[in-house]
Amino acid sequence: MSTTSQARQRIDALLDDNSFVEIGAKVTARSTDFNLKLTETPSDGVITGYGVINGDLVYVYSQDASVLNGSVGEMHAKKIAKIYDMAIAMGAPVIGLIESAGLRLQESTDALNAFGEIYLKQAEASGVIPQINAVFGSCGGALAISSAMADFTFMEEKKGKLFVNSPNCIDGNYEGKCDTSSAAFQASNTDNVDFVGDEATVIEKIRELVSIIPANNDGDAFSDCTDDLNRVCASLEASASDPAIALSQISDDAVVFEVKADYAKEMVTAFIKLNGATVGVVANRTAKYDDEGKKAEEFDAVITALGANKATEFVNFCDAFEIPVLTITNAKGFKACECCEKKIAKASAKLAYAFANATVPKVNLIVGDAFGSAYVTMNSKAIGCDVTIAWPNAKIGSMDAKMAAKIMCDGKGADAIDACAKEYEALQNNVESAAKRGYVDEIIEPQDTRKYLIGAFEMLYSKSDCAFKKHGTV
């Protein structure tokens, strides 16, 4: 198979059959420096056009590594910019299929300026239309920045390479020691990558994502619901520690699209369907189970700096595209370690701001502990949550009752501390006491969660906010 056919075949695999219409097929490089005029540059190394995915319009560009290694020059970039202009005007997603050596050195400052033009179009499109990138080969330097500006990035698990500086350029490192450009490294250690898989699976997941999210910031994301709206989720409480499993029980027909699954695993971000409507979910995780149902990893019920950043980015996307947000809260506090302490205040501030600033319908489901500032940060009623629902075993308060008792009864004996803890539990940490103060709207049985969530979001469907503010600064 030639590389040229790979670029074209990726488009054909991504789009509905026979729906692709190419734009700019005759464009070639304009520069003549370094004997470029003697080099054939068909389509200037990038195939651009539009088509449909499950009947929905999308714009797509696919870099052709057989033409000057897919490098980005002046005309290559102008073709991508043109696609962005059309996509913004039509309110449709842009999907970039990436395999490129990066900046075209023969065109120097023209190519450098070209990258700036791509960044500008991405900035104009941000929050207006979804931007999706898929890295199938090399995506380095300036292209890595472009990929990071996209809303979602997918990587092919073996050939995909994503880097600003190549592994061999990092002091004390080389590719054989630690391949910082690999899909495995990028997905686990950075927040750059949302999904990793083989090429066919990546394309399949992009099609799935496009069908779940709105086409633009004025669109909606609805589909027909054939699932029972009052379906009982009998084993939901038992699976609450791993939201990826719990969400499959709550969602219509078990539809769950998790993003950044391998990064900051203690915080889950995912899209689900409730009565046909797409809902974004941010959830605390204390356990992760493998495909055989065995517990593979355990996590403390705390918010980390990485988890907070992951959630913030996701909430901001949902708010920009009018996707309602559900939080599933089980957090005792913030992670306590030197590394986290360097970042947690700013990260949690951004998360609190994201929830408070979001004007979309917001529902909080408290399934376990909800203590202190960590609880406030996780979409509490205090920062603007519209509806708060809790399970009967939820605990809501300033801190664990035993810890509070030790502080309040400092210097007293163990019996006094135990008595104080029991009293504190009943008066302050009990979900009933939170409900009496108006901090919880409903206390429900876990098995009834699906129908109550559907009811809450149905009620909030027409929520609007007319207050104007250009932007905050957090």
Side-chain angles (χ1 to χ4, degrees), residues 98 132-137 139 144 147-148 150-164 167 173 175 177-206 208-209 212-213 239 241-248 251 254-272 280-318 328 330 335 337 339-340 343 347 351:
I98 308 300
I132 301 170
N133 274 9
V135 178
F136 293 107
C139 177
S147 180
D151 296 306
F152 301 97
T153 296
F154 295 69
M155 278 190 79
E156 197 279 333
E157 59 190 1
K158 295 181 179 178
K159 297 180 181 179
K161 297 288 183 182
L162 180 60
F163 57 93
V164 174
N173 189 59
E175 187 171 338
K177 178 181 178 182
C178 179
D179 188 357
T180 53
S181 69
S182 70
F185 180 92
Q186 289 290 322
S188 299
N189 297 280
T190 79
D191 60 353
N192 295 330
V193 177
D194 294 278
F195 181 85
V196 171
D198 60 39
E199 184 162 322
T201 305
V202 163
I203 288 173
E204 177 188 340
K205 297 298 285 187
I206 293 174
E208 183 181 344
L209 177 62
I212 290 175
I213 61 177
S239 61
S241 60
D242 191 346
I245 297 175
L247 290 174
S248 68
S251 182
V255 172
V256 179
F257 193 101
E258 188 176 355
V259 296
K260 293 181 171 58
D262 294 326
Y263 178 75
K265 298 177 187 178
E266 73 285 348
M267 185 75 80
V268 172
T269 51
F271 296 110
I272 65 171
V281 182
V282 174
N284 303 123
R285 170 190 265 149
T286 56
K288 183 175 176 59
Y289 291 82
D290 59 24
D291 294 337
E292 297 178 356
K294 297 179 180 178
K295 186 182 290 186
E297 296 178 80
E298 288 188 90
F299 310 94
D300 292 331
V302 294
I303 296 175
T304 67
L306 298 184
N309 287 333
K310 173 181 173 179
T312 297
E313 182 179 307
F314 185 78
V315 172
N316 287 337
F317 175 85
C318 290
I328 300 179
N330 179 20
K335 185 174 182 179
C337 70
C339 180
C340 195
K343 306 173 183 177
L351 180 58

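Excluded from the calculations below are hydrogen atoms, water molecules and symmetry mates; all remaining heavy atoms, backbone and side chain alike, are included.
Smallest separation of non-hydrogen atoms from Ala308 and Ala347: CB-O, 3.7 Å. Of all heavy-atom pairs spanning Lys310 and Tyr263, the tightest one is NZ-O, 2.7 Å.
In this structure, the side chain of Arg285 engages the main chain of Lys265 through a donor-acceptor pair within 3.5 Å. Between the side chain of Ser251 and the main chain of Ser248, no donor-acceptor pair closer than 3.5 Å is present. Judged by distance alone, the side chain of Gln186 and the main-chain N or O of Leu162 form a donor-acceptor pair under 3.5 Å. Remark: side-chain polar atoms of Glu298 are not paired, donor with acceptor, to backbone N or O of Thr286 under 3.5 angstrom.
The shortest side-chain heavy-atom distance between Asn192 and Thr153 does not fall under the 4.5 Å cut-off. Looking at Glu266 and Asn284, their side chains never come closer than 4.5 Å, going by heavy atoms from C-beta outward. By the 4.5 Å heavy-atom criterion applied to side chains, Ser241 and Tyr289 are counted as neighbours. In this structure, the side chains of Asp300 and Lys335 stay at 4.5 Å or more apart for every pair of heavy atoms.
Classification of Lys161 and Asp179 as a salt-bridged pair holds, one side-chain N sitting under 4.0 Å from a carboxylate O.
The line from SG of Cys318 to CD of Glu313 is 11.0 Å long, rounded to the nearest 0.5 Å.
Between Phe317 and Phe152, the angle of the ring planes goes over 60°, which puts this pair in the perpendicular group of the 30/60° scheme.
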